[in-house]
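Following: one structure in structure tokens, then a few remarks.
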Amino acid sequence: MPELPEVETIARALAPGLVGRVITGIDVPDAKVLAGPKRRAEFAAMAVGRTIQSVARRAKLLLLTLGPRPQVPGDGPAVLAFHLKMTGRFHIAPPGAPDPDRARLLVRLSDDNTLVFADLRRFGTARVLTPEALSAWDFYASLGPEPWDMTPDAFEAALSRKSTRIKAALLDQTVIAGIGNIYADESLFAARIRPDTPAKALTPAQRRRLLKAVQDVIAAAIAAGGSTIRDYRTPDGVEGGFQNHFQVYGKSGDPCPACTAPLTHAKIAGRTSTYCRKCQK
DNA sequence: CATGCGTCCTGCTTGC
DNA sequence: TGCAAGCAGGACGCAT
């Protein structure tokens with residue numbers, strides 16, 4: 001569920017507590033979380049001793065950039081990359097706090113705090129990479145532009161290449177990065193476009209409207225601190241606020257906010273899609 | 001190559 | 001009431 005706005009909110013909230021701290025240890029209660037170097041010892045060796053230089057986000061990935069290890073002569077930087085998938089959560093635990101039962105990975109810090117990665121459904125992943133390996137990671141390398149970096153021309157070109165329905169194209173991270181089911185449905189409603197329209201069949205005006213809608217919806221969601229359906233919380237334990245602004249997501253059967261006809265839903269691209277038959281063409 | 005579907009997980013919700 | 005099936009959903013592996 002954490003999509004771009006939720007991961008962005010998390011990155012901003014974590015940064016003050018992480019930047020400048022040195023990683024003093026890594027504990028991995030659930031080894032399944034590890035992607036890339038699969039062994040706990042290898043993963044820890046790659047990360048321990050490094051200073052956290054920045055906390056950033058790309059698409060739905062949370063990225064901690066790490067400085068060289070002083071104990072390794074000529075060492076280069078590294079990146080700690082987390083994908084939260086559906087239920088990943090972070091918080092910073094103070095010294096002496098017991099490790100939570102559900103923690104999957106713990107990053108011990110030089111200020112004696114611990115960055116805790118918890119993840120109820122265990123789909124999330126963590127990996128440590130050199131910057132070169134990050135660039136060579138297929139998933140990362142093939143990510144499309146962030147919504148605000150997407151130009152109308154590039155969006156037009158990307159959509160005209162797709163033979164899928166527009167809903168599937170929005171969820172395709174190689175087309176545009178960071179959109180998941182919630183923001184796809186909300187953006188399609190804002191642009192008044194049916195989710196099952198073939199991407200190629202959209203008119204130029206519809207494509208421009210849709211890109212603008214995506215950008216506006218994502219910006220509003222970040223401003224509201226993301227959306228909480230069930231699991232998502234900021235690192236401070238606070239729920240997001242954008243779920244109170246949903247127009248269609250999860251509202252099948254409710255009256256359309258624009259025309260009051262009941263909203264309908266259908267499985268499109270394997271996901272439940274909610275939309276208004278009357279308003280969305 | 002591109003597309004689509006099943007899979008991974010767990011807990012809550014729905015329906016018989 | 002109780003319990004099983006259904007659902008949620010991002011990315012990936014595999015089939016087409």
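Below, chain A is the first sequence line, B the second, and so on; all start at residue 1.
- Comparing dA8(C), dA11(C), dC8(B) against the side chain of Lys32(A) picks out dC8(B) as the nearest.
- Following chains of ILVMFWY side-chain contacts shorter than 4.5 Å, one can reach Leu14(A) starting from Leu80(A), so the two form part of one hydrophobic cluster.
- Rounded to whole Å, the distance from CZ on Arg57(A) to P on dG10(C) is 15 Å.
- Put simply, Gln173(A) has a side-chain N or O that comes within less than 4.0 Å of OP1 or OP2 on dA11(C).
- With Gln247(A) contributing its side chain and Ala190(A) its backbone, the two residues share no donor-acceptor pair below 3.5 Å.
- The side chain of Lys267(A) contributes an N or O atom lying less than 4.0 Å from OP1 or OP2 of dA8(C).
- As judged by a 4.0 angstrom heavy-atom cut-off over every strand, Gly180(A) is placed among residues touching the sugar-phosphate backbone only.
- Contacts between residues 160-171 of chain A and DNA chain B, defined by a heavy-atom separation below 4.0 Å, involve Lys162(A), Ser163(A), Thr164(A), listed by number.
- In this entry the distance linking OH of Tyr232(A) with P of dG10(C) reads 15 Å, nearest Å.
- Using a cut-off of 4.0 Å between Lys/Arg side-chain N and Asp/Glu carboxylate O, Asp119(A) and Arg89(A) are scored as not salt-bridged.
- Checking side-chain atoms of Lys60(A) against main-chain N and O of Ile179(A) turns up a donor-acceptor pair under 3.5 Å.
- The side chain of Leu120(A) sits closest to dT10(B) out of dT10(B), dA11(C), dC8(B).
- Regarding Asp196(A), its CG atom lies at a distance of 13 Å from the P atom of dG4(B), rounded to whole Å.
- Taking atom CG of Leu159(A) as the reference point, atom P of dT3(B) lies 12 Å away to the nearest angstrom.
- In terms of phosphate contacts, His83(A) brings no side-chain nitrogen or oxygen within less than 4.0 Å of OP1 or OP2 of dG10(C).
- When distances are taken from the side chain of Arg102(A) to each of dT10(B), dA8(C), dG10(C), the shortest belongs to dT10(B).
- Taking atom CG of Asp119(A) as the reference point, atom P of dA11(C) lies 14 Å away to the nearest angstrom.
- Asp185(A) places a side-chain N or O within 3.5 Å of a backbone atom of Thr274(A) that can act as its donor or acceptor partner.
- The side chain of Lys60(A) contributes an N or O atom lying less than 4.0 Å from OP1 or OP2 of dA11(C).
- We find that CD1 of Ile268(A) is positioned 16 Å from C1' of dC5(B), with the value rounded to whole Å.
- For the pair Arg57(A) (side chain) and Ala59(A) (backbone), a donor-acceptor distance under 3.5 Å is present.
- Arg271(A) comes within contact range of at least one nucleobase, with a heavy-atom separation under 4.0 Å.
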Apply side-chain hydrogen bond (donor to acceptor under 3.5 Å, both in side chains) to the pair Thr65(A) and Ser54(A), showing each step before the final yes or no. CA-CA 5 Å; Thr65(A) 57; Ser54(A) 69; 2.4 Å; yes

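- Note on Arg104(A): nothing from the nucleic acid sits closer than 4.0 angstrom, heavy atoms only.
- A cation-pi arrangement is found for Arg192(A) relative to Phe189(A), the charged atom lying closer than 6.0 Å to the ring centre and inside a 45° cone about the ring normal.
- Counting to the nearest Å, the P atom of dG10(C) and the CZ atom of Phe139(A) are 11 Å from each other.
- No continuous path of hydrophobic side-chain contacts links Leu61(A) to Leu84(A) [ILVMFWY only; heavy atoms under 4.5 Å].
- With rounding to whole Å, Asp172(A) atom CG is found 16 Å from dC1(B) atom P.
- For the pair Asp111(A) (side chain) and Asn113(A) (backbone), a donor-acceptor distance under 3.5 Å is present.
- Defining each end axis of the helix from dA2(B)-dT16(C) to dC16(B)-dG2(C) as the rotation carrying four pairs' C1' atoms onto the next four, with five pairs an end, the two axes are found to diverge by 60° to 10 degrees.
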